[in-house]
Structure formats: C-alpha cells, structure tokens
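These notes concern the structure reproduced below.
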Amino acid sequence: MEQGLGQDYIPASGSFDKSRVLNVRPLRCLVPIFPSPPNMSSFSLPQAAPFVSASPTGPFPPGVAPFYPFFVPPDSQRPSEQDPQAPFGVPNQAGPFGFNNPVQAAVPISSFRTPPRPQPAGAPNHNWGAVNGDTGPSRRSTRTRTPSAFAEEDGYSDSQNQSAQYLSSFSMHITDAEETSKAERKKGKSQKRARGSKGVNISSPDVEADPIVSNLLASINLTTFDTFRRADGDKESVGYILMIYDFLRRRITQIEDGKEATPGVTRRPDLRAGTILMNKGIRTNIKKRVGTVPGVEVGDIFFFRMETCLVGLHAPCMAGIDYMGLKISQEEEPLAVSIVSSGGYEDNVEDGDVLIYSGQGGNIYRKDKEVMDQKLERGNLALEKSLHRANEVRVIRGIKDVANPTGKVYVYDGLYKIQESWVEKGKSGCNVFKYKLVRVPGQPEAFTMWKSIQQWKDGVTSRVGVILPDLTSGAESLPVSLVNDVDGEKGPAHFTYFPSLKYSNPVNSVQSSSICACQAGCLSGDPHCLCAKKNGGYLPYTANGVLVNRKSLINECGPSCSCPPNCRNRASQGGLKVRLEVFKTKDKGWGLRSWDPIRAGAFICEYAGEVLDKSKVEEFGSEAEDEYIFDATRTYQPLEVLPGDLNEDPKIPFPLIISAKNGGNVARFMNHSCSPNVFWQPILREANKETFIHIAFFALRHIPPMTELTYDYGIVQTNNAEQRRKKCLCGLSKCRGYFY
DNA sequence: CGAATTCAGCGGTAT
DNA sequence: ACCGCTGAATTCGAT
C-alpha cells in the first residue's frame with residue numbers, strides 16, 4: 001500500500017493544480033515546484049531523495065514569495081480571525097505584501113526568530129530559519145557531509161516495510177554500549193541530584209530496592225530490548241513496555257501511599273517509573289521518525305505522557321511538539337513528527353478531522369511569567385517546515401478522563417498534514433502561531449469515535465443498532481446497551497439479569513476473620529488497619545481504585561468495617577464504573593465492550609451467576625452445555641507480562657464454578673481470547689457476617705473505547721477435554737487454537 | 001466539590 | 001543551561 005509519504009511527496013506530474021496550491025500555500029512550496037521523478041517509492045535511497053531543495057538563496061519562481069506571509073504589519077491588525085482562509089493573515093493579495101512585489105517586500109522568516117547570538121567567526125550556524133537573505137554563513141559552508149550520511153539520518157519510516165531490509169539501510173545510531181554508558185551517566189546524575197536537592201527525590205533508591213520492583217526489573221529479559229527492538233518496536237514490545245510501566249507506576253504509588261505524606265512535596269510515580277525504565281533501556285522506537293510508529297496503532301490510549309515517550313510516539317515528556325533534524329540535500333531542517341493537543345492552549349478541536357493547533361512558547365499558559373510573542377523557533381519552526389514539506393505529523397489528543405477528572409487520557413489519532421499556518425493575536429494580545437492540521441484519510445476512527453460516544457451519552461445523537469437502551473433494566477448503576485449493527489439478530493437468549501453472585505447455600509463461605517476500624521477510610525501501610533494487614537500490609541488498590549497487581553486473593557472491606565463506602569478497599573463493590581454495551585460480534589456471537597476508556601488495573605465488573613454446589617459441579621462435569629460458565633478450576637496460562645511472583649495465580653479454597661446460563665450480568669457476554677485485555681481476580685467480601693468469594697474482572701492493559709473485552713477462559717484438564725474444547729476465534733498469532 | 005494555583009520534574013535540544 | 005500543552009498536592013471560590 002503506497003499510502004502516505006510517497007504519494008504525497010510525488011504527485012504525478014500534471015496531476016496537481018499549481019495555481020491552487022500556490023493560492024493555498026504561497027510560501028516556497030517544494031512539492032509543486034520541483035516534482036520528483038515518477039515511480040519513486042516512498043522508501044527512497046539517497047540518490048532518489050524525494051526532497052529536492054531549492055538553493056537557499058533562490059531563485060524563487062515567480063509569485064512565490066519566501067516567507068512574507070509571516071510578516072504582520074504592526075499597524076494593520078490583520079484580521080485572521082475573521083478570515084482564516086486567508087493564509088498567514090494576508091487579507092488579500094493586493095496589498096503591499098501581495099504577489100505583485102513579493103520579494104522586495106519580503107520579510108525574512110528570521111524576523112520572527114530569536115536574534116542569533118553573537119558567534120565567533122566560522123562557528124557553525126544553526127540558524128535554520130535564515131534560509132533566504134541570510135546574512136550569516138550558511139550551514140553548508142561550515143559542514144561537509146558524506147553522501148551515505150544522508151541515508152543514515154533519514155528518519156522516514158515506511159509503515160508497510162519494517163523489514164530487515166528497511167532496518168539494514170540505516171545504521172543504528174545507538175549501540176548497546178553507548179546505550180549502557182548513557183544510562184549509567186544518567187543514573188549517576190539523578191542520584192547526585194537526589195542527594196543534593198534537600199531530599200526531595202531521596203526515596204527513589206528504596207523504590208528500586210523494593211523486593212517486588214527489583215524482582216520485576218531483574219525478571220525482564222533485557223535481550224528482549226536489544227538494539228533492534230529499541231530501534232524499532234512492534235505491537236508486542238510496545239504492549240510489554242506499557243504494561244511494565246504501569247505496573248511499576250502503580251507499585252510506586254502503593255509504596256508512596258504507605259508513607260507519611262510530606263506536605264508540599266509532590267510525588268510523581270509516573271516520572272519515577274518512567275526514569276527507571278528509560279535508564280534500563282526498557283523502551284522502543286528510540287529513533288525518531290516521520291509517520292507511523294511500529295507497534296503503536298491509531299486509537300491507542302495513554303494515561304501519562306511518559307508512556308508516549310517510552311514507546312517512541314512522542315519523545316518530549318512535556319512539550320507539545322516533537323521534531324527531528326532531517327538532512328535534505330545539503331541542508332538540515334527541523335521537521336515536526338508529532339504533536340500533543342491537550343487543551344493548555346487555545347486550540348480549536350471542533351471538527352474531529354481538523355485541528356487548529358497553537359504554537360509553543362510565549363508563556364501562554366504560565367501565570368508567573370510575562371506573556372510574549374511566540375517566536376518562530378523550535379517546534380514552531382519545525383511545524384512551519386513540515387507545512388512546506390507536507391510531511392505527516394502524528395497527532396495525540398489529550399482528553400479529560402471521565403474516570404479520573406484530575407487526569408487526562410491521550411488518544412493517538414493517527415497522521416495529519418499541516419494545511420496552513422498563520423499568526424494571530426491571542427487573548428493576551430501577543431502573537432500566537434496557528435497551524436491547521438487535517439487528518440490523512442483512510443485511517444481507523446479514533447478521536448471522532450470519542451466524539452460520537454460523547455454525543456450518544458449526551459443524547460445528541462443515538463447509537464445505530466440499539467436494540468435495548470439498558471438490558472439491565474436499571475439493575476446496574478449505569479445502563480448497558482444491547483446493540484446489533486451487524487445482522488438481524490434481535491438479542492441473546494433470554495436470561496435474568498442480576499448484578500451479583502448467588503450462593504445457593506453458605507457452605508462455601510469462608511469464615512470472617514477480622515474487620516477494620518478505619519473510620520476515615522483505609523490507608524495503605526497503616527499498621528492499625530486489619531484489612532490492609534490481611535492483604536499483606538498494603539491495600540491492593542491505589543487511591544483511585546486501580547488494582548496494583550494480581551493477587552491470589554484480595555480481602556476487601558465489608559459492611560462490618562468502620563470505613564465509609566467510598567473506602568478504596570472496596571473497588572469491586574460500587575457497581576459498574578464504565579459505560580458498557582453488549583454487542584453482536586462478527587463471528588463470536590455476542591460480546592462486551594466499553595464506551596469509556598479503561599485504564600490498566602481498573603475494575604470492570606464481577607461475574608454474576610449461580611454458584612454450583614458440589615453435586616451440581618459433578619453433574620456439570622458430564623454436561624456438554626457450558627456456554628455461560630465461569631470455572632475457576634480450569635488451568636490458566638500465566639498473564640503474559642508480569643512474572644508469577646508479582647502476578648500471583650488465583651487461589652480459591654474450593655472448586656468454584658459459576659453458571660450464568662439462566663441469569664447473570666454483563667460478564668456472561670465476555671468472550672475468550674488467547675491474548676486477553678481483561679483478567680479475573682478472586683475477592684473475599686463480607687455480607688451478613690459471612691464472607692464470600694467473588695470473581696472480579698480488571699483491565700490487563702489500557703483499553704480504548706469500543707474495543708472488545710476478553711479474558712482467558714482457561715483449559716479443562718479432564719478425560720473428555722478434547723471433545724469439549726472449543727475452537728478459539730481470537731484470531732491472534734499467539735492463539736493456542738482452543739479453549740476449555 | 002470543581003477550578004485554579006503552585007511547583008518540582010524529566011528527557012530532549014541547543015549552547 | 002534551558003525549555004515545555006505534566007501531574008499531584010494544595011488552595012481558592014462558587015455554590
């Protein structure tokens with residue numbers, strides 16, 4: 001598939017309308033002016049470089065004025081707001097800066113740049129912006145390059161070609177040795193800093209000394225992250241990194257929660273976990289690139305900026321614009337590779353496929369510093385160059401997280417192209433750069449899906465194919481839609497909806513051992529909290545109800561405890577937290593998915609149904625009908641990422657089998673997958689002075705909206721297992737072919 | 001209780 | 001050395 005770069009850079013000659021392009025982009029536009037030879041692949045060798053650069057000193061074709069549009073006459077409050085179509089705020093083409101006398105009136109782009117600092121004669125000049133009318137020495141004259149260096153520094157990736165052939169054409173910039181020494185230096189630096197800075201970061205070493213964390217780090221097979229994997233990821237390594245990262249983050253949160261809070265000190269488990277993984281080289285896609293990042297798919301979600309750094313989607317951990325230097329012919333230009341739009345600036349995000357993005361700088365969002373005009377440097381310059389080069393820019397959209405209002409969800413919304421740019425006066429009265437980005441067509445839905453879901457929730461539009469708006473008839477705290485937009489089936493076979501587990505008799509209950517007296521809610525590491533004690537000292541959940549790691553059994557607080565209902569050690573008790581729908585899948589019958597994003601470790605639902613007593617269990621053993629059954633006695637593959645001692649295998653003191661055939665909740669619709677995104681966890685909970693075991697489902701990884709929820713059904717180890725096994729339809733490369 | 005404020009952070013870029 | 005669309009903790013302010 002010749003999607004993306006190639007086609008966009010190499011229009012078939014004559015297929016474009018020069019006047020149209022020029023009208024839209026009056027800047028020096030290399031695409032139409034220097035068409036490349038046809039039949040050139042997007043994956044170009046140096047001699048066939050798609051980038052043909054004009055000489056920095058011109059000549060420019062008639063009517064192409066270099067950079068004048070950035071000139072904003074101080075006295076003419078040029079109305080870009082009123083006419084955003086006029087690129088760069090040029091009201092029309094007649095004025096003194098129109099096409100008629102462009103060159104004379106041209107103001108060099110450098111007029112928007114920081115004045116270059118005085119440099120000794122002959123020093124390298126990094127003033128990229130001074131392309132035309134440059135008074136300083138050109139970069140070309142101060143630096144020579146070998147032809148082969150071009151290929152080495154080409155950061156373009158071809159999403160369809162991540163083969164060894166592709167890799168071999170690049171030389172790895174970062175060898176293992178370099179990587180290690182870099183990490184060592186880094187580590188030394190951070191330790192020094194920790195010592196020197198009033199003990200703010202002093203707890204960092206004991207996080208790594210924590211047995212669970214050091215176990216985790218020791219268990220990671222570092223050969224998995226050899227040079228090859230670090231340079232170019234795949235879905236597996238990206239998923240692995242994200243899972244380790246979030247586990248580490250949750251574990252650090254848990255440890256920190258157990259400590260006395262130091263007033264005024266902000267704890268950043270996200271940064272701590274990120275730094276550890278960075279230093280260990282547990283990351284991928286280190287080499288920056290334009291376009292697709294291998295292993296990251298459109299629609300993938302992140303809950304921390306550090307996650308996008310680790311997988312190479314967006315390297316800066318705070319800045320919104322990521323860019324790289326790219327050698328083009330003899331020039332080096334910064335090109336934007338990705339942006340994050342998260343609401344700090346006055347971005348316009350109304351249309352799902354168009355984004356009006358504000359440039360960086362100018363202290364727009366800082367209250368402690370004086371607001372100033374933005375400058376055409378760093379990311380802003382890179383975006384400008386990317387406009388001219390028409391290269392694809394990854395867009396990550398930050399959205400307020402419904403489940404955690406203080407946090408954000410970042411959605412990778414795929415590739416965009418910058419269509420135009422201009423300068424306008426921001427609210428503060430200072431110049432702000434604006435960039436109009438338009439989504440490259442043909443990509444899977446991502447951000448627009450979020451918008452649709454929001455409209456369904458608001459009742460603005462209705463979901464297509466809804467059979468029942470709430471199949472629970474109000475039995476859950478949130479409605480669960482029944483949807484079929486695939487075929488004519490009107491719904492699953494009849495069953496009774498009830499939201500929790502039904503024990504026919506309390507035989508299987510476990511004796512209640514203790515209750516807690518934490519009136520204000522339980523806290524991790526509190527030696528007085530018996531419930532924390534029962535869970536091994538720490539509470540199993542973080543403050544926002546996220547499960548830190550899988551345990552053989554979790555002891556939640558119950559009605560007899562003194563803690564309030566919102567105590568964090570009751571994560572599975574509040575009913576549904578995400579808006580779910582039961583939907584008709586293409587080939588697996590009915591399935592379950594969520595309208596809301598779900599973060600790794602978040603509670604989804606429990607398995608409701610009737611607990612089969614021992615006699616029925618035996619009867620069940622010979623029964624072929626096991627469509628809606630949860631069977632804790634099956635054997636389960638260990639969860640793929642975390643080592644066994646971190647993710648303990650579930651242990652239930654009796655053979656628990658639940659039937660949801662006649663009645664149950666949404667969990668009965670969850671299908672099997674050999675590479676699931678959900679796992680189950682036994683939970684001990686009190687009711688009427690007795691304790692019962694419940695089966696709760698938690699997210700194994702971050703799950704984007706509308707992704708089917710699946711867990712591993714396990715394998716039955718019986719004589720007639722072969723006949724009863726079902727063909728697995730998960731369709732994954734890891735599929736073991738069957739379940740039960 | 002949500003919004004606004006405060007502030008230490010970190011990887012990366014540029015000097 | 002400097003920079004930035006972080007994110008947690010804390011204070012503020014409108015109910």
Side-chain angles (χ1 to χ4, degrees), chain A residues 113-114 116-120 123-128 182-183 185-187 189-190 193-194 196-202 204 249 252-253 256-257 261-279 283 286-288 302-310 312 314-325 332 334 337-347 349 355-369 374-375 377-383 395-401 404-410 426 432-433 435 542-544 566:
Chain A
R113 300 208 58 211
T114 322
R117 296 175 196 187
Q119 289 176 342
N125 182 355
H126 295 279
N127 190 349
W128 283 318
K182 199 175 159 192
R185 278 201 305 276
K186 196 81 211 236
K187 208 170 173 181
K189 186 177 134 198
S190 71
R193 188 193 294 162
S197 64
K198 293 184 230 162
V200 169
N201 204 11
I202 218 91
S204 195
R249 204 202 99 252
I252 293 171
T253 308
E256 289 295 317
D257 279 349
T262 328
V265 175
T266 48
R267 300 188 279 218
R268 294 290 298 266
D270 59 319
L271 297 182
R272 298 258 291 277
T275 306
I276 291 172
L277 294 199
M278 286 272 181
N279 288 341
R283 55 184 298 194
I286 293 177
K287 258 167 71 74
K288 290 194 182 185
F302 306 89
F303 288 82
F304 292 91
R305 286 286 299 271
M306 196 54 95
E307 295 176 322
T308 65
C309 308
L310 289 168
H314 186 89
C317 54
M318 305 175 92
I321 306 167
D322 191 10
Y323 56 98
M324 62 185 284
E332 182 170 312
V337 295
S338 62
I339 59 168
V340 179
S341 166
S342 50
Y345 286 78
E346 299 157 22
D347 295 346
V349 295
L355 171 65
I356 309 296
Y357 190 76
S358 303
Q360 66 184 185
N363 297 329
I364 301 296
Y365 66 100
R366 296 188 61 155
K367 302 286 179 283
D368 56 330
K369 284 194 181 174
Q374 289 186 340
K375 299 182 189 109
E377 58 184 18
R378 295 171 182 272
N380 299 344
L381 180 61
L383 285 170
V395 168
I396 298 142
R397 299 198 185 232
I399 302 166
K400 194 192 241 186
D401 183 7
N404 180 26
T406 58
K408 279 183 192 142
V409 196
Y410 296 96
V432 175
F433 290 98
Y435 300 89
T542 67
N544 51 14
N566 67 351

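Quick caveat, the model's predicted, so the values are computed rather than measured. Below, read A as the first sequence line, B as the second, and so on, with proteins coming before strands; counting in each chain starts at 1. Reckoned from all heavy atoms, side chains included, excluding hydrogens, waters and symmetry mates.
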Can you check the [X] [atom1] to [N] [atom2] distance for me, whole Å?
X: A:L271; N: B:dG12; atom1: CG; atom2: P; answer: 13 Å
X: A:I321; N: C:dG4; atom1: CD1; atom2: P; answer: 10 Å
X: A:E307; N: C:dG7; atom1: CD; atom2: C1'; answer: 13 Å
X: A:N380; N: C:dG4; atom1: CG; atom2: C1'; answer: 11 Å
X: A:F303; N: C:dA8; atom1: CZ; atom2: C1'; answer: 17 Å
X: A:D270; N: C:dA9; atom1: CG; atom2: P; answer: 10 Å

N/O to N/O distances under 3.5 Å, protein versus nucleotides 11-15 of chain C:
none

Side-chain N or O of [X] closer than 4.0 Å to phosphate OP1/OP2 of [N]:
X: A:R267; N: C:dA9; answer: yes
X: A:K408; N: C:dG7; answer: no
X: A:T275; N: B:dG11; answer: yes
X: A:R272; N: C:dT6; answer: no
X: A:Y323; N: B:dA14; answer: yes
X: A:Q360; N: C:dC5; answer: yes

### Query
Any donor-acceptor pair under 3.5 Å between the side chain of A:R268 and the base of C:dT6?
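Side chain to base: pair present.
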[X] to [Y] - nearest heavy-atom pair and separation:
X: A:G398; Y: A:Y410; value: CA-CD2, 3.7 Å
X: A:A315; Y: A:C309; value: O-SG, 3.1 Å
X: A:A319; Y: A:Q360; value: CB-NE2, 4.3 Å
X: A:V340; Y: A:Y357; value: O-OH, 3.0 Å
X: A:I321; Y: A:G379; value: CG2-CA, 3.6 Å
X: A:S341; Y: A:L355; value: OG-CD1, 3.7 Å

### Query
Nearest nucleotide by nearest heavy atom, which residue falls closer to the 5' end of DNA chain B, A:C317 or A:D322?
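The residue mapped nearer the 5' terminus is A:C317.
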Nearest of [options] to any side-chain atom of [X]?
X: A:K288; options: C:dA8, B:dG12, B:dC10; answer: B:dG12
X: A:M306; options: B:dC10, B:dG12, C:dG4; answer: B:dC10
X: A:R305; options: C:dA8, C:dG4, C:dG7; answer: C:dG7
X: A:S342; options: B:dC10, C:dT6, C:dA9; answer: C:dT6

Quick check for you: to the nearest 0.5 Å, what is the distance between [X] atom [atom1] and [Y] atom [atom2]?
X: A:R305; Y: A:L271; atom1: CZ; atom2: CG; value: 11.5 Å
X: A:K375; Y: A:L381; atom1: NZ; atom2: CG; value: 13.5 Å
X: A:R249; Y: A:R272; atom1: CZ; atom2: CZ; value: 12.5 Å
X: A:R397; Y: A:S342; atom1: CZ; atom2: OG; value: 11.5 Å
X: A:K288; Y: A:I286; atom1: NZ; atom2: CD1; value: 12.0 Å

### Under 3.5 Å donor-acceptor, A:Q374 side chain and A:V432 backbone
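No: the side chain of A:Q374 does not pair with the backbone of A:V432.
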### Query
Between the main-chain N or O of A:G325 and the side-chain N or O of A:E332, is there a donor-acceptor pair closer than 3.5 Å?
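No, because the side chain of A:E332 does not come within donor-acceptor range (under 3.5 Å) of the backbone of A:G325.
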### Query
Reading DNA chain C 5' to 3', what string of ( ), [ ], | and . shows its pairs, if Watson-Crick and G-U wobble pairs count only when both distances fall under 3.5 Å?
||||.||||||||..
All N/O contacts under 3.5 Å from nucleotides 1-3 of chain B to the protein, with atom names and distances to one decimal?
none

